[in-house]
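Beneath this line is the structure, given in structure tokens, with notes to follow.
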Amino acid sequence: MARTAPSGWPRTYCFAHAGGRAQAFLEWQEALAGVTALVAVTPPERTGVDAVCDRAAELIAAQPGGPFLLFGHSLGALIAFEVARRLGDRPAHLIASGCVAPSLHPTPKMVEVAGLDGPDLTEALAVYGGLRPEILADPELQEFILPDIRTDFEMVADYRYRSAAALPFGVSLVNGVGDPLVRQEDLADWSRECTGEPAMYWSEGGHFYFEHHPEAVTEVIRRAAEALPVELI
């Protein structure tokens, strides 16, 4: 994990999408200065969702300080959700971005992509903006990057949802209105995962809406961090 802000601020632990780097979310730190310290959570190895979540929860639980937030996008949101389950009532809020209800995982699309390779995988990822233009234009770069992305999709394809107690804190869902992977009806069962009704936010854009509209996420994180009781921070 990497922290880039004063330790006195409540932390927001960030988890990335398949093939992504959580460190990229640290670029939002300036927009959240004085409110929360963003922390990139990078699993040491891709060994399956359960193993990754067990290790991430262990690392977060060992950190000093008061309540904290969890944020994740796509695969990262699923991991953040499972980490939240493992941490009981310690988190103060979960922000899940670009992610259908956990009980719907793995989706047929995720399973399909996990079985692709080479040009077929590249084409599938290009449909929803999963690869930068410079990667799409460079086959050699694809050979270097695609194996890790496919491994991440295989992790999701192997995931098996298990019922558990509802999360005892707030949950916010953020999605792009043009996301081909997440429809509004795919979010309904999130209400089963928390004691209160989750807050829903929509942004212009697709699966990676935050690339052009980072404020769609940072404002939700800000609201959640500012809602923390001052005496607990």
Side-chain angles (χ1 to χ4, degrees), residues 1 11-20 22 25 36 38-43 46-61 63 67-107 109-111 114 152-176 179 181-201 207-210 216-217 220-221 223-225:
M1 295 188 293
R11 301 182 181 108
T12 297
Y13 294 99
C14 302
F15 300 83
H17 53 278
F25 298 133
T36 182
L38 300 180
V39 181
V41 182
T42 303
R46 295 169 169 85
T47 54
V49 171
D50 282 341
V52 167
C53 294
D54 287 346
R55 181 55 177 157
E58 179 183 355
L59 290 171
I60 292 173
Q63 300 301 307
F68 52 84
L69 314 179
L70 299 171
F71 164 77
H73 177 68
S74 199
L75 167 61
L78 180 64
I79 291 175
F81 164 73
E82 285 290 349
V83 168
R85 281 181 155 188
R86 287 159 169 77
L87 292 172
D89 61 357
R90 286 201 59 192
H93 204 94
L94 167 66
I95 300 105
S97 166
C99 186
V100 304
S103 59
L104 299 182
H105 282 290
T107 65
K109 184 62 178 178
M110 290 289 186
V111 174
D152 283 350
F153 274 96
E154 289 173 341
M155 276 207 314
V156 181
D158 290 339
Y159 172 77
R160 295 297 178 265
Y161 173 82
R162 295 182 294 271
S163 297
L167 300 177
F169 45 80
V171 174
S172 294
L173 310 177
V174 193
N175 292 278
D179 188 342
L181 298 179
V182 182
R183 302 166 299 175
Q184 187 164 2
E185 56 265 35
D186 296 329
L187 303 175
D189 282 352
W190 267 106
S191 62
R192 296 166 46 189
E193 309 302 341
C194 44
T195 53
E197 194 67 21
M200 291 194 187
Y201 301 90
H207 192 59
F208 293 97
Y209 64 90
F210 53 78
V217 175
V220 176
I221 294 175
R223 291 190 195 102

Q. What distance do Leu173 atom CG and Tyr201 atom OH have between them, rounded to the nearest 0.5 Å?
A. 9.5 Å
Q.
Between Leu104 and Asp186, is there a side-chain heavy-atom distance shorter than 4.5 Å?
A. yes
Q: Check step by step if side-chain contact (heavy atoms from CB on, under 4.5 Å) holds for Thr107 and Val100.
A: CA-CA 9 Å; Thr107 65; Val100 304; 3.8 Å; yes
**Q.** Heavy-atom side-chain proximity of Arg160 to Pro106 below 4.5 angstrom
**A.** yes
**Q.** Smallest separation among heavy atoms of Pro168 and Thr195, with atom names
**A.** CA-OG1, 4.0 Å
(Q) Checking Glu82 against Tyr159: is there a side-chain donor and acceptor pair closer than 3.5 Å? (A) yes
Q: Would you confirm whether Asp179, through its side chain, and Gly176, through its main-chain N or O, come within 3.5 Å as a donor-acceptor pair?
A: no
Q. Is there a side-chain contact (heavy atoms from CB on, under 4.5 Å) between Phe81 and His105 once you walk through the steps?
A. CA-CA 12 Å; Phe81 164 73; His105 282 290; over 6 Å; no
Q) Can you name the nearest heavy-atom pair linking Leu69 to Ala224, along with the distance? A) CD1-CB, 4.0 Å
Q | Min side-chain heavy-atom separation Cys99-Val182 under 4.5 Å | A | no
Q: Report the distance from atom CG of Leu78 to atom SG of Cys53, rounding to the nearest 0.5 Å.
A: 7.0 Å
Q: Could you tell me whether the side chain of Ile60 reaches within less than 4.5 Å of the side chain of Leu70, counting heavy atoms only?
A: yes
**Q.** Between CG on residue Leu167 and NE2 on residue His93, distance to nearest 0.5 Å
**A.** 10.5 Å
Q.
So for atom CD, which belongs to Glu185, do other residues, nucleotides or ligands contribute more than 12 heavy atoms lying within a distance under 6.0 Å?
A. yes
Q) Quick one: CG on Leu181 to CE on Met110, what's the gap to the nearest 0.5 Å? A) 6.0 Å
Q) Can the ring centroids of Phe25 and His73 be said to lie less than 6.0 angstrom from one another? A) no
Q: Would you mind reporting whether Leu87 and Tyr13 have side-chain heavy atoms less than 4.5 Å apart?
A: no
Q.
In the structure I gave you, are the side-chain heavy atoms of Met155 and Val52 within less than 4.5 Å of one another anywhere?
A. yes
(Q) Side chains of Ser97 and Tyr209, heavy atoms from C-beta outward: is any pair under 4.5 Å? (A) yes
(Q) Please give me the minimum heavy-atom distance between Glu193 and Arg85, naming the atom from each residue. (A) OE1-NH2, 3.4 Å
Q) If you look at every heavy atom in Arg192 and Ser103, which pair is closest and at what distance? A) NH1-OG, 3.7 Å
Q: Apply the test side-chain contact (heavy atoms from CB on, under 4.5 Å) to residues Arg162 and Asp50: give CA-CA distance (whole Å), side-chain angles for both, the deciding distance (0.1 Å), then the verdict.
A: CA-CA 11 Å; Arg162 295 182 294 271; Asp50 282 341; 3.3 Å; yes
**Q.** Pro198 versus Ser191, closest heavy-atom pair with distance
**A.** CD-CA, 3.8 Å
Q: Write down the atom of Cys14, the atom of Ala22, and the distance for their closest heavy-atom approach.
A: O-CB, 3.5 Å
